[in-house]
Amino acid sequence: MPQTKILLDESEIPTHWYNVVADMPNPPTPPLGPDGKPIPPQALGAIFPEALIQQEMSGERWIPVPEPVREIYRLWRPSPLFRAYRLEQVLGTPAKIYYKYEGVSPAGSHKPNTAVPQAWYNQQAGIRRLTTETGAGQWGSALALAGQMFGMKIRVYMVKVSYEQKPFRRSMMQTWGAEVFASPTDMTESGRKILAADPASQGSLGIAISEAVEEAASRKDTNYSLGSVLNHVLLHQTVIGLEAKKQLEKIGEYPDVVLAACGGGSNFGGIAFPFFADKAAGKKVRLIAVEPTSCPTLTKGQYAYDFGDAVGLTPLMKMYTLGHDFMPPGIHAGGLRYHGDSPLVSQLYHEKLIEAVAVPQLATFEAGVMFARAEGIIPAPESCHPVRAAIDEAMKCKKSGEAKTILFNLSGHGHFDMASYDKYFSGQLEDYEYPAAAVAASMQRLPRVG
Ligand SMILES: *Cc1c(COP(=O)(O)O)cnc(C)c1O
């Protein structure tokens, strides 16, 4: 049996984050204000601290990780890289499958990699409260944890359907001292507007973002924190790929393919961007974002300026979008139910420098169960997506006889998602058709720019 677990030393936790902007062939598209003009950085000051705004706009290749942030990263970083040797045997593939495991963080996913620096920069700027949204509860619990570490109050607007489906994620946030509300609430104008139109609204990430942004913009002591999509979030997540590269280097490996689930794009950017640096320098490596067929932002969306939230409070970002008020079907991978995508990931996809595939829900759970039985770890429903795609790649290798090296990011464990596994086992999970009519209707309401 080859070495199956590749570890790094604490001293090898990255000292700098990698900024992909430095290696992109074209500069990133700027966010636009309501007037269709690029928004001045100061305009973001109502909800973000200066340090994060600078990172959002930065073209510097390397950005230092503050020592107090590295100190907290030590709780779970460096995270392990595994060779999925047993899975390879089950599949009978000549491919080598590696996975980086981010479920070792206290919150059980990659999200604390950015929650911790975001809380820290806000605390340094004298901010005392943060508002945020959460879908499945992964981001809310990551920020609750990070807030607790730096003595910040955290208020979480949790998408109602998840609030009801995942009560233990809520208890987890409360354990770390956060306040949690089922969104839409009647506490914000945005929430009241949605409820007036649809009193039975189950909520969406876009709606919860509107509520959190509205509250942060209206209070001086309060900022807003986002768990994905924005440039600085993807920047912080590059610790994943930087470590993975070093781990593979130690055993003389380099991937042919890198895969990750893609909701807003943060764990994909996190693992893939450090490899993009090599690709930009001429190396051959495929970077593939994996999304659900029911919310196929990259593979079926339109590349256009759109709002990040449902109500239209955020700046316009150029991204692949299904329309800002699109309501994705209630799939169990809650973290992948977002109408848009990271502008950086979108631009690289538009320029054909990265790839994307969409996979249906049932096939992802089938892959997740197969993975758990071979490797032991039970993947989060989101993470079942790259597991599916990695297995598909490995099976192609079985056909062709190629011994490719596949790397994927196992973004989190599924311990809070066993109700979804239950449904899968009892045959109650379904595949959703691509919601063509709902997307088409939502695309009619794209904001007009230029
Ligand atoms: C939130 C989440 C995702 C999707 O978000 P990205 O920003 O696209 O990474 C994927 N996996 C897990 C476990 C998550 O919590």
Side-chain angles (χ1 to χ4, degrees), residues 76 79 99-115 118 132-145 156 158-159 162 166 169 172-173 205 208-209 225-241 258-273 287-292 295-298 308 319-320 328 331-346 349 354 356 358-359 364 368 371 377-389 408-417 420:
W76 71 94
S79 67
Y99 62 96
K100 179 79 166 155
Y101 185 42
E102 289 296 310
V104 290
S105 80
S109 78
H110 64 289
K111 295 215 167 70
N113 296 333
T114 183
Q118 288 194 48
T132 197
E133 72 294 327
T134 197
Q138 302 262 28
W139 169 244
S141 43
L143 194 66
L145 163 77
V156 183
M158 185 171 187
V159 177
S162 302
K166 310 216 161 155
R169 275 280 166 200
M172 204 172 174
M173 292 183 249
L205 268 182
I209 295 175
S225 180
L226 186 62
S228 189
V229 180
L230 299 179
N231 302 359
H232 66 267
V233 178
L234 276 66
L235 173 79
H236 301 154
Q237 291 294 355
T238 58
V239 289
I240 304 172
V258 180
L259 299 148
C262 194
S266 77
N267 90 94
F268 171 74
I271 194 160
F273 285 177
L287 310 171
I288 309 179
V290 190
E291 56 185 20
C295 191
T297 319
L298 292 171
M319 59 184 176
Y320 278 85
I331 52 165
H332 286 258
L336 307 184
R337 290 177 77 234
Y338 182 61
H339 69 273
D341 218 314
S342 141
L344 292 179
V345 169
S346 295
Y349 181 69
I354 61 169
V359 290
T364 63
F371 182 85
I377 296 168
I378 302 176
E382 293 84 358
S383 314
C384 289
H385 288 68
V387 173
R388 175 75 262 166
F408 72 88
N409 191 39
L410 193 67
S411 49
H413 67 64
H415 298 180
F416 291 89
D417 306 288
S420 310

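Numbering of ligands and ligand atoms starts at 1, following listing order.
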Contact table ligand 1 N or O to protein N or O, d under 3.5 Å:
residue  : atom   : partner : partner atom : Å
ligand 1 : 7 (O)  : S228    : OG           : 2.5
ligand 1 : 7 (O)  : S266    : N            : 3.0
ligand 1 : 7 (O)  : S266    : OG           : 2.7
ligand 1 : 8 (O)  : G263    : N            : 2.7
ligand 1 : 8 (O)  : G264    : N            : 3.0
ligand 1 : 8 (O)  : G265    : N            : 2.9
ligand 1 : 9 (O)  : H110    : NE2          : 3.1
ligand 1 : 9 (O)  : S266    : OG           : 3.2
ligand 1 : 9 (O)  : N267    : N            : 2.8
ligand 1 : 9 (O)  : N267    : ND2          : 2.8
ligand 1 : 11 (N) : S411    : OG           : 2.7
ligand 1 : 15 (O) : K111    : NZ           : 2.6

*Any side-chain heavy atom of W139 sitting closer than 4.5 Å to one from S225?*
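When only atoms from C-beta onward are counted, S225 and W139 do touch, with a gap below 4.5 Å.
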
_Just to verify, which of R169, Q138, K166 counts as forming a side-chain hydrogen bond (donor to acceptor under 3.5 Å, both in side chains) with D417?_
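Only match with D417 under side-chain hydrogen bond (donor to acceptor under 3.5 Å, both in side chains): K166.
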
*Under 3.5 Å, is there a donor-acceptor pair between the side chain of T364 and the main chain of H385?*
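Judged by distance alone, no pair lies under 3.5 Å.
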
*Do Q237 side-chain atoms and H110 backbone N/O form a donor-acceptor pair below 3.5 Å?*
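Here the side-chain-to-backbone pair exists.
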
*Are side-chain N/O atoms of N267 and E382 paired as donor and acceptor at under 3.5 Å?*
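Checked: N267/E382 side chains show no N/O donor-acceptor pair below 3.5 Å.
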
*Distance, nearest 0.5 Å, that separates OG1 of T114 from NE2 of H232*: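 T114 OG1 to H232 NE2: 5.5 Å, rounded to 0.5 Å.
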
